[in-house]
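Notes for the one structure printed next.
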Amino acid sequence: MSKLKEVNQKIEDAVVGGYKKIEEGVVSGYQKIEDGVVSGYRKIEDKFIDAFLAEEGESTEEARARLTGKEDAE
């Protein structure tokens with residue numbers, strides 16, 4: 001009976017290890033996609049702020065802070 005438990009434990013470890021590798025691959029792939037989407041959105045947002053919302057001589061970060069009201073918190 002002990003030998004059967006050992007074999008079952010080895011199988012369990014192999015299966016769990018396989019699922020962990022799949023999980024890590026899926027999560028890391030999702031994270032890369034999410035980072036790319038957020039980065040792309042941020043670039044578009046920056047261009048919009050520069051073109052339409054920033055005042056003369058104001059940087060994108062300064063305009064963003066002014067628009068969100070976070071300039072007072074600094």
Task: Side chains of Glu12 and Asn8, donor plus acceptor under 3.5 Å - done: no
Task: With sequence neighbours excluded, residues passing ring-ring contact (aromatic ring centres under 6.0 Å, His included) with Phe52 - done: Phe48
Task: Chi angles and distances behind the side chain to side chain contact (heavy atoms under 4.5 Å, CB included) call for Arg64, Asp46 - done: CA-CA 9 Å; Arg64 181 176 283 117; Asp46 287 347; 2.5 Å; yes
Task: Backbone of Asp35 reached by a side-chain donor or acceptor of Ser39 within 3.5 Å - done: no
Open item on the list: Are Glu55 and Glu62 packed together at the side-chain level, in the sense that at least one heavy-atom pair is separated by less than 4.5 angstrom?
Closed with: no
Open item on the list: With no hydrogens and no angle check, just 3.5 Å: does a side-chain donor-acceptor pair link Thr60 and Asp50?
Closed with: yes
Task: From CD1 (Ile49) to CD (Glu61), nearest 0.5 Å - done: 9.0 Å
- [ ] Could you give me the CA-CA distance, side-chain angles and deciding distance for Arg42 and Glu45, then say whether side chain to side chain contact (heavy atoms under 4.5 Å, CB included) is met?
- [x] CA-CA 5 Å; Arg42 186 66 176 217; Glu45 184 180 70; 3.7 Å; yes
TODO: Answer yes if Ile44 and Leu53 sit in the same cluster of Ile, Leu, Val, Met, Phe, Trp and Tyr residues linked by side chain heavy atoms under 4.5 Å apart, and no otherwise.
DONE: no
